Colleague: 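My questions all concern the structure below.
Computed from a predicted model, the values in this text were never measured in an experiment. By convention in this document, chain letters (A, B, ...) are assigned in the order of the sequence lines, proteins followed by strands, and residues within each chain are numbered from 1.
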Amino acid sequence: MSPDILPRNFYLGPVLQVARNLLGMRLVHYDQGERLAGIILETEAYDGQQDLACHARVGKTRRNEVMFGPAGHAYIYFTYGMHWCLNCVTGEEGYAAAVLIRSILPVEGIATIAKRRSKVERPEWCNGPAKLTHALGIDGQLNGVDLCDINSPLIIEKGDDIPDQWIQSLPRVGINSVPEPWRSKPWRLHANLPPDWEKT
DNA sequence: AGCACGATTAACT
DNA sequence: GTTAATCGTGCTC
């Protein structure tokens, strides 16, 4: 039993609301039997085919088909010839929306994460979408896995609530060629934890 | 078949 | 601030 796994209905709301509620939750990868985990600190919302920054803008393809499926699954894509990025599918089946996980605070499996990210200092271990997937050993083999399944190697558990006061809304990153209004939508959510925030 | 580019990162001037 | 790394994807020919 792992009653802390977020249920599917957590992912059913509007994608921006899910992106907000994911802040403070715990991303967990069971990597060859070891628990690697981090607290989610930054997310971005991508809202369906009309959102010209969303991979679903071109319609359903082999690459993005998971986004068109049921909520609570992982959409993991390959980019720039070398990086993997992790998303959580949201909303009703057939509506292609997802939340990109952009930053986590590592809390479990620190030794393994440190080894994988030894080229950079600790604050930069997991402060980017491709940094955290590399740190946690997440890649395309996990594309489509059910984040709500007790037996899944990749899950998200309930964490601590983060007050609105600690959260900034900012424009999304890396979409400079996308037309307005999509380019400037403040759909990147960043949590600033106080220095004395408890780790576990 | 060929092409331009990407929801990025790390290293370098 | 600038740029190389490195290849799948979607589009054009």
Side-chain angles (χ1 to χ4, degrees), chain A residues 11 14-23 25 27 29 36 38 40-69 71 73-91 95-106 112-145 147 154 156 167-191:
Chain A
Y11 301 96
V15 63
L16 187 59
Q17 175 186 307
V18 177
R20 160 65 178 87
N21 292 340
L22 277 169
L23 298 175
M25 302 297 108
L27 174 66
H29 181 210
L36 306 179
I40 296 171
L41 296 182
E42 187 172 271
T43 59
E44 277 178 359
Y46 289 87
D47 192 20
Q49 293 188 243
Q50 78 282 359
D51 175 3
L52 296 183
C54 180
H55 288 168
R57 67 187 177 276
V58 295
K60 187 175 178 178
T61 66
R62 181 144 68 190
R63 180 202 202 192
N64 64 27
E65 63 184 350
V66 174
M67 247 200 300
F68 287 79
H73 288 251
Y75 165 48
I76 300 170
Y77 67 89
F78 184 68
T79 192
Y80 290 102
M82 64 193 95
H83 301 304
W84 296 100
C85 294
L86 168 66
N87 298 256
C88 308
V89 176
T90 72
Y95 187 82
V99 176
L100 173 68
I101 309 299
R102 285 196 64 86
S103 178
I104 63 173
L105 176 70
T112 296
I113 292 170
K115 191 172 181 179
R116 289 194 175 131
R117 300 289 298 140
S118 58
K119 291 180 185 173
V120 297
E121 296 302 304
R122 181 161 185 162
E124 288 155 52
W125 282 352
C126 295
N127 67 341
K131 297 181 189 182
L132 70 92
T133 55
H134 184 225
L136 266 54
I138 295 166
D139 65 20
Q141 288 197 327
L142 293 168
N143 188 37
V145 302
L147 299 170
L154 187 64
I156 302 179
I167 298 175
Q168 304 172 260
S169 298
L170 300 160
R172 293 174 291 181
V173 175
I175 57 168
N176 293 325
S177 63
V178 171
E180 298 289 5
W182 311 106
R183 188 181 58 191
S184 299
K185 294 279 187 186
W187 290 351
R188 173 160 60 110
L189 303 180
H190 180 86

Colleague: Does either side chain, that of A/Y75 or that of A/H55, offer a donor lying less than 3.5 Å from an acceptor on the other one?
Modeller: yes

Colleague: Does A/R117 place a side-chain N or O at less than 4.0 Å from the phosphate oxygens OP1/OP2 of B/dT9?
Modeller: no

Colleague: When you compare the side chains of A/D47 and A/Y95, does any donor N or O come within less than 3.5 Å of an acceptor on the partner?
Modeller: yes

Colleague: How many Å lie between CD on A/E42 and C1' on B/dT8, as a whole number?
Modeller: 13 Å

Colleague: Rounded to whole angstrom units, what separation is found between the CG atom of A/D139 and the P atom of B/dT8?
Modeller: 18 Å

Colleague: I'd like to know whether CD of A/E121 has more than 12 heavy-atom contacts from other residues, nucleotides or ligands below 6.0 angstrom.
Modeller: no

Colleague: Base, sugar-phosphate, or nothing for A/H134, non-hydrogen atoms under 4.0 angstrom?
Modeller: nothing

Colleague: Tell me whether A/Y46 and B/dA7 count as stacked here, given that the ring centres must be under 5.5 Å apart and the planes must differ by less than 30 degrees.
Modeller: yes

Colleague: Send over the distance from A/I76 CD1 to B/dT8 P, rounded to a whole Å.
Modeller: 16 Å

Colleague: Using purine N1 to pyrimidine N3 plus N6-O4 or O6-N4 for Watson-Crick, or N1-O2 and O6-N3 for G-U wobble, both under 3.5 Å, which nucleotide pairs with C/dT6?
Modeller: none

Colleague: Rounded to the nearest Å, what distance is computed from the CG atom of residue A/L100 to the P atom of nucleotide B/dG6?
Modeller: 16 Å

Colleague: Among side-chain atoms of A/K60 and A/N64, is any donor-acceptor pair under 3.5 angstrom?
Modeller: no

Colleague: Is A/R172 touching bases, backbone alone, or none of the nucleic acid, heavy atoms closer than 4.0 Å?
Modeller: nothing

Colleague: Nearest 0.5 Å, what's the CD-CH2 distance between A/Q141 and A/W84?
Modeller: 8.5 Å

Colleague: Just the rounded figure in Å: distance from P of C/dT9 to NZ of A/K60.
Modeller: 16 Å

Colleague: Go through C/dG10, B/dA7, B/dT9 for me and flag the one nearest to the A/N64 side chain.
Modeller: C/dG10

Colleague: B/dT9, OP1 or OP2 - any side-chain N/O from A/H83 closer than 4.0 Å?
Modeller: no

Colleague: Classify the side chain of A/Y77 versus the base of B/dA7 as yes if they form a donor-acceptor pair under 3.5 Å and no if they do not.
Modeller: yes

Colleague: Please give, in whole Å, the distance from C/dT9 P to A/F78 CZ?
Modeller: 9 Å

Colleague: For A/A53, answer base if it contacts any base atom (sugar-phosphate contacts may also be present), sugar-phosphate if it contacts only those atoms, and nothing otherwise; contact means non-hydrogen atoms under 4.0 Å.
Modeller: base

Colleague: Considering every strand shown, what is the Watson-Crick or G-U wobble mate of C/dT12 when both distances are under 3.5 Å?
Modeller: B/dA1

Colleague: Do any side-chain nitrogens or oxygens of A/T61 fall under 4.0 Å of OP1 or OP2 in C/dT9?
Modeller: no

Colleague: Any side-chain N or O of A/K119 under 4.0 Å from OP1/OP2 of B/dT9?
Modeller: no

Colleague: Answer with base, sugar-phosphate or nothing: what part of the nucleic acid does A/R62 contact at a heavy-atom distance below 4.0 Å?
Modeller: nothing

Colleague: Considering only atom C1', compute the distance from C/dG1 to B/dA7 and round it to an integer number of Å.
Modeller: 22 Å

Colleague: Rounded off to whole Å, could you give me the CD-to-C1' distance for the A/E65 and C/dT9 pair?
Modeller: 14 Å

Colleague: Checking side-chain polar atoms at under 3.5 Å, does A/H190 have a donor or acceptor matched by the opposite partner on A/E42?
Modeller: yes

Colleague: From the list B/dA7, B/dT8, C/dC7, which nucleotide is the closest neighbour of the side chain of A/Y80?
Modeller: B/dT8

Colleague: Whole Å only: how far is the CE atom of A/M82 from the P atom of C/dT9?
Modeller: 16 Å

Colleague: Rounded to whole angstrom, note down the P distance from B/dC5 over to C/dT3.
Modeller: 15 Å

Colleague: Find which nucleotide of DNA chain B each of A/P129 and A/S177 is nearest to by heavy atoms, and output the residue with the more 5' nucleotide.
Modeller: A/S177

